Amino acid sequence: MAKMTLDESGRKYLVETGLEPVGNRAILVEYAPNDTLGDKLAHFFGSEPYILQMCRNELVLIPMHMNVSYGTVAYYSLENKVALQLSYSSIQSVEITEKGTNYMVSITTDTDTIRLLSPKKGVGAFLGATGAWHMNHLDDTLQMLKDLAGDTQ
């Protein structure tokens, strides 16, 4: 039996939980630190990546874990849980800006603002197969995020 990719296993898990993932609309993200030095250091040493998956009526974040095999080779696996689920109706605005080697995705909801970082295409090349997957989905996923609140950025 062939091993499932992150995209396939994430999609399968979401369907099993009753969500309807939209094909090829998923990217790698991590929570963005605040601008304080302490937050930046904590983020540098302890940041976990997520898959941001666009679904029919909501976007979700699925946690990923980096595993080290044979001391040097890293690979990612998914945790079968939804870390964050936002209904599209709760999203007031989405702003996407460039921040160094990442895109900053700021999603303002009825009650809060969630700030995420997503690697630009050039950085994704250093992430192996996961990076190639991310780069193939990046443009369309960012466009779908922008379109959620009618943004024309």
Side-chain angles (χ1 to χ4, degrees), residues 1-33 42-96 99 101-121 123-151 153:
M1 179 193 230
K3 183 177 178 183
M4 286 194 287
T5 65
L6 288 173
D7 190 36
E8 293 166 337
S9 59
R11 183 178 315 278
K12 181 179 182 228
Y13 169 70
L14 291 173
V15 168
E16 288 171 357
T17 63
L19 297 170
E20 299 176 46
V22 176
N24 300 326
R25 298 298 183 272
I27 55 174
L28 296 173
V29 296
E30 58 186 36
Y31 283 103
H43 181 263
F44 179 78
F45 288 108
S47 179
E48 287 280 348
Y50 296 83
I51 289 181
L52 180 148
Q53 173 69 58
M54 308 297 292
C55 294
R56 182 172 178 223
N57 298 309
E58 57 273 308
L59 68 84
V60 296
L61 295 183
I62 305 169
M64 297 173 58
H65 296 287
M66 185 173 69
N67 300 292
V68 177
S69 177
Y70 305 111
T72 57
V73 178
Y75 66 95
Y76 289 100
S77 62
L78 287 177
E79 184 175 328
N80 282 340
K81 75 176 195 177
V82 173
L84 177 70
Q85 182 173 342
L86 288 176
S87 69
Y88 294 150
S89 62
S90 72
I91 296 174
Q92 301 296 315
S93 68
V94 176
E95 181 181 354
I96 299 172
K99 184 167 177 127
T101 59
N102 296 297
Y103 289 106
M104 170 75 77
V105 179
S106 298
I107 302 168
T108 302
T109 68
D110 297 333
T111 59
D112 204 0
T113 297
I114 298 146
R115 295 174 42 229
L116 304 167
L117 295 174
S118 185
K120 290 181 181 176
K121 284 188 175 183
V123 176
F126 295 103
L127 301 173
T130 302
W133 166 85
H134 168 78
M135 290 186 304
N136 289 336
H137 296 104
L138 185 63
D139 293 336
D140 291 336
T141 304
L142 291 178
Q143 187 59 53
M144 187 172 179
L145 282 165
K146 289 177 188 177
D147 292 344
L148 286 179
D151 292 341
Q153 307 176 31

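Given the structure is predicted, the values throughout are model-derived calculations rather than measurements.
Taking 4.5 Å as the limit, every side-chain heavy atom of Leu52 sits out of range of all side-chain heavy atoms of Leu84. Looking at Leu59 and Met144, their side chains never come closer than 4.5 Å, going by heavy atoms from C-beta outward. Residues Leu145 and Val105 form a side-chain contact, since some pair of their non-hydrogen atoms from C-beta on lies under 4.5 Å apart. By the 4.5 Å heavy-atom criterion applied to side chains, Asp139 and Lys121 are counted as neighbours. Here the side chains of Thr101 and Lys120 are not in contact, with every heavy-atom distance at 4.5 Å or above. Residues His134 and Ser118 meet the side-chain proximity criterion, which asks for heavy atoms closer than 4.5 Å.
Scanning for ring pair (Phe, Tyr, Trp, His ring centres under 6.0 Å) contacts around Tyr50 gives Tyr31, with sequence neighbours left out. Among residues two or more places apart in sequence or in another chain, the side-chain contact (heavy atoms from CB on, under 4.5 Å) test is passed with Thr17 by Tyr13, Leu14, Leu19. Residues meeting the side-chain hydrogen bond (donor to acceptor under 3.5 Å, both in side chains) test with Asn136, sequence neighbours left out: none. For Ser89, the side-chain hydrogen bond (donor to acceptor under 3.5 Å, both in side chains) partners two or more places apart in sequence, or in a different chain, are Ser87. Residues satisfying the side-chain contact (heavy atoms from CB on, under 4.5 Å) test with Asp112, not counting sequence neighbours, are Thr109.
Sorted by first and then second residue, the pairs that involve residues 51-65 and meet salt bridge (charged side-chain N to carboxylate O under 4.0 Å, His left out), not counting sequence neighbours, are Glu20-Arg56.
Under 3.5 Å, the side chains of Gln143 and Asp147 contain a donor-acceptor pair of N or O atoms.
Checking side-chain atoms of Thr113 against main-chain N and O of Thr108 turns up no donor-acceptor pair under 3.5 Å.
A distance of 13.0 Å separates CE of Met54 from CG of Asn24, quoted to the nearest 0.5 Å. Summarising the geometry, atom CD1 belonging to Ile51 is positioned 10.5 Å from atom CD1 belonging to Ile27; distances are rounded to the nearest 0.5 Å. Separation of atoms CG (Leu142) and CD1 (Ile96) is listed at 4.5 Å; rounding is to 0.5 Å.
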Practice item. List the steps and the verdict of side chain to side chain contact (heavy atoms under 4.5 Å, CB included) for Ile107 and Leu148. Key: CA-CA 10 Å; Ile107 302 168; Leu148 286 179; over 6 Å; no
Point to revise | Verdict with supporting geometry, Leu116 and Glu30, side chain to side chain contact (heavy atoms under 4.5 Å, CB included) | key: CA-CA 6 Å; Leu116 304 167; Glu30 58 186 36; over 6 Å; no
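Scanning all heavy atoms of the two residues, the minimum distance from Leu117 to Ala32 falls at CG-CB, 3.7 Å. Across every non-hydrogen atom of Lys99 and Met104, the tightest pair is CD-CE, 3.6 Å. A pairwise comparison of heavy atoms in Ala26 and His137 identifies O-CB, 3.0 Å as the closest pair.
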